[in-house]
Student: 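My questions all concern the structure below.
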Amino acid sequence: MRSLVIVYSNSGNTLTVAKTIKKELKAHLREITDYTIHRTVLDYLFTSAIDSASINPRKIDVDYYETIFIGTPVWLGSVTPAIKKIIDNTDFKNKNVILFNTLKCIGGDIAMKRLARQVKKHNGNVIGGFSIYSNGTKEDMINNTRIALSDFNLV
């Protein structure tokens with residue numbers, strides 16, 4: 001299975017999950033960089049309505065891959081502007097997509113639903129998703145990611 005992990009990580013927690021997926025599945029990894037410095041409260045509350053990201057890369061070619069993982073931190077129950085923008089710039093036609101997010105306490109389910117809706121708008125076949133809590137240790141996050149992957153029968 002040729003897999004790609006697309007990730008935006010602000011603090012490094014989501015990147016830890018992405019790197020674990022990469023290692024366990026021998027997947028390719030594309031990290032999205034958001035150059036936006038000053039965000040308003042509205043940027044955090046309405047990430048699905050406000051286009052406030054200046055990202056690199058702007059688009060990712062997913063043609064080579066069968067399965068795409070998309071990861072984002074949860075910001076007030078929503079998807080980050082960087083991940084929203086990369087999804088908007090990508091056609092996921094004929095691709096199985098597995099979503100993941102990281103969070104400290106609440107909002108993971110709401111963010112997952114928003115993320116799934118966004119990917120489906122761009123022709124992705126969302127086959128599932130998982131949330132990883134980031135209030136434990138890095139080792140906890142790695143182990144919880146491995147468990148999530150085994151739940152999908154991927155490892």
Side-chain angles (χ1 to χ4, degrees), residues 1-36 43-44 46-104 106-134 141-142 144-155:
M1 169 177 70
R2 293 185 309 248
S3 300
L4 173 66
V5 183
I6 299 171
V7 63
Y8 169 75
S9 184
N10 189 45
S11 67
N13 292 327
T14 312
L15 186 59
T16 295
V17 175
K19 286 181 176 180
T20 303
I21 296 168
K22 175 186 177 189
K23 179 180 177 185
E24 294 295 318
L25 302 180
K26 296 178 178 42
H28 292 159
L29 177 70
R30 290 299 306 264
E31 185 176 0
I32 307 303
T33 303
D34 187 352
Y35 294 108
T36 308
D43 290 332
Y44 291 100
F46 302 106
T47 57
S48 60
I50 298 173
D51 180 8
S52 66
S54 174
I55 63 170
N56 185 36
R58 294 191 52 73
K59 185 176 180 179
I60 296 175
D61 183 4
V62 296
D63 290 343
Y64 174 77
Y65 303 97
E66 299 163 5
T67 303
I68 312 296
F69 289 82
I70 301 174
T72 180
V74 174
W75 286 0
L76 299 173
S78 198
V79 176
T80 58
I83 286 297
K84 180 196 177 299
K85 183 167 252 183
I86 201 68
I87 291 169
D88 286 346
N89 293 342
T90 306
D91 184 6
F92 295 98
K93 185 177 180 182
N94 299 322
K95 303 299 174 192
N96 290 325
V97 180
I98 299 174
L99 310 171
F100 67 95
N101 60 33
T102 59
L103 64 152
K104 295 268 186 221
I106 61 171
D109 291 341
I110 294 167
M112 192 66 71
K113 288 176 185 173
R114 289 178 176 170
L115 185 56
R117 190 170 42 245
Q118 195 71 26
V119 170
K120 288 175 184 175
K121 279 185 195 175
H122 294 277
N123 307 311
N125 177 33
V126 177
I127 60 173
F130 59 92
S131 296
I132 302 294
Y133 287 90
S134 59
M141 291 175 54
I142 291 169
N144 290 334
T145 302
R146 288 179 179 145
I147 291 167
L149 293 174
S150 69
D151 289 346
F152 281 101
N153 296 316
L154 296 173
V155 290

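No experiment lies behind these values; they were computed from the predicted model shown.
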Student: Under 30°, 30 to 60°, or over 60°: which ring-plane class applies to His28 and Tyr65, parallel, tilted or perpendicular?
Tutor: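 The rings of His28 and Tyr65 stand perpendicular, inter-plane angle above 60°.
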Student: Just how far is it from atom OG of Ser3 to atom CG of Asn96, taken to the nearest 0.5 Å?
Tutor: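 The OG atom of Ser3 sits 9.5 Å away from the CG atom of Asn96.
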Student: Enter the distance from Ile87:CD1 to Gln118:CD here, rounded to the nearest 0.5 Å.
Tutor: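 Atom-to-atom, Ile87:CD1 and Gln118:CD are 5.5 Å apart.
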Student: Only one of Leu103, Asn101, Val79, Val74 forms a side chain to side chain contact (heavy atoms under 4.5 Å, CB included) with Met112, so which one is it?
Tutor: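 The passing option is Asn101.
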Student: Is there a side-chain contact between Thr80 and Asn10, using heavy atoms and a 4.5 Å cut-off?
Tutor: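 No; the side chains remain at least 4.5 Å from each other.
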Student: Taking salt bridge (Lys or Arg N to Asp or Glu O under 4.0 Å) as the definition, give me every residue that meets it alongside Asp88, ordered by chain and number, with sequence neighbours left out.
Tutor: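 For Asp88, the residues satisfying salt bridge (Lys or Arg N to Asp or Glu O under 4.0 Å) (neighbours in sequence not counted) are Lys84.
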Student: List the atom of Gly124, the atom of Val97, and the distance in Å for their closest heavy-atom pair.
Tutor: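 Taking every non-hydrogen atom into account, CA-CG2, 4.3 Å.
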Student: Does the Asn89 side chain pair with the main chain of Arg58, one donor and one acceptor, at a distance under 3.5 Å?
Tutor: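 Judged by distance alone, yes, a pair lies under 3.5 Å.
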Student: For Val5 and Ala27, work out which heavy atoms get closest and say how close.
Tutor: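 Minimum heavy-atom separation between Val5 and Ala27: CG2-CB, 4.1 Å.
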Student: What residues, two or more places apart in sequence or in another chain, satisfy ring pair (Phe, Tyr, Trp, His ring centres under 6.0 Å) together with Phe92?
Tutor: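 Applying ring pair (Phe, Tyr, Trp, His ring centres under 6.0 Å) to Phe92 gives none.
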Student: Ignoring hydrogens and geometry, is there a side-chain-to-backbone donor-acceptor pair from Ser150 to Ile147 under 3.5 Å?
Tutor: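 Checking the backbone N and O of Ile147 against the side chain of Ser150, a donor-acceptor pair under 3.5 Å is found.
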Student: To the nearest 0.5 Å, how far apart are CZ in Phe100 and OG1 in Thr20?
Tutor: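 Spacing of CZ (Phe100) from OG1 (Thr20) equals 9.0 Å.
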Student: What is the distance from atom CG of Leu4 to atom NZ of Lys95, rounded to the nearest 0.5 Å?
Tutor: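 Answer for the CG-NZ pair, Leu4 versus Lys95, is 10.0 Å.
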Student: Could you tell me which residues satisfy side-chain hydrogen bond (donor to acceptor under 3.5 Å, both in side chains) with Thr14, sequence neighbours excluded, listed by chain and number?
Tutor: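 Thr14 satisfies side-chain hydrogen bond (donor to acceptor under 3.5 Å, both in side chains) with Thr102 once adjacent residues are dropped.
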Student: Can you establish whether the number of heavy atoms outside Ile110 located under 6.0 Å from its atom CD1 is more than 12?
Tutor: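 No, the 6.0 Å shell around CD1 holds no more than 12 heavy atoms from other groups.
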Student: Can you list everything that forms a salt bridge (Lys or Arg N to Asp or Glu O under 4.0 Å) with Glu24? Sequence neighbours excluded, please.
Tutor: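 So Glu24 forms a salt bridge (Lys or Arg N to Asp or Glu O under 4.0 Å) with Arg146.
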Student: Going from OG1 on Thr72 to CG on Leu115, what distance comes out if it is rounded to the nearest 0.5 angstrom?
Tutor: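 Rounded to the nearest 0.5 Å, the OG1-CG separation comes out at 7.0 Å.
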Student: When rounded to the nearest 0.5 angstrom, what distance separates CG in Leu29 from CD1 in Ile21?
Tutor: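 Going from the CG atom of Leu29 to the CD1 atom of Ile21 covers 9.0 Å.
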Student: The criterion is ring pair (Phe, Tyr, Trp, His ring centres under 6.0 Å); which residues satisfy it with Phe69, sequence neighbours excluded?
Tutor: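 Here no residue qualifies.
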Student: According to ring pair (Phe, Tyr, Trp, His ring centres under 6.0 Å), who are the partners of His122, at least two apart in sequence or on a separate chain?
Tutor: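 Here no residue qualifies.
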Student: Would you say the side chain of Ile68 lies within less than 4.5 Å of the side chain of Ile60, judging by non-hydrogen atoms?
Tutor: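 With C-beta onward as the side chain, the pair stays apart.
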Student: If I compare all heavy atoms of Pro73 with all of Tyr8, which pair ends up nearest, and what's the gap?
Tutor: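 Result for this residue pair: CD-O, 3.1 Å.
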Student: Would you say that Val17 contacts Asn13 through its side chain, given a criterion of any heavy-atom pair below 4.5 Å between the two side chains?
Tutor: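 Result no, sub-4.5 Å side-chain heavy-atom pair not found.
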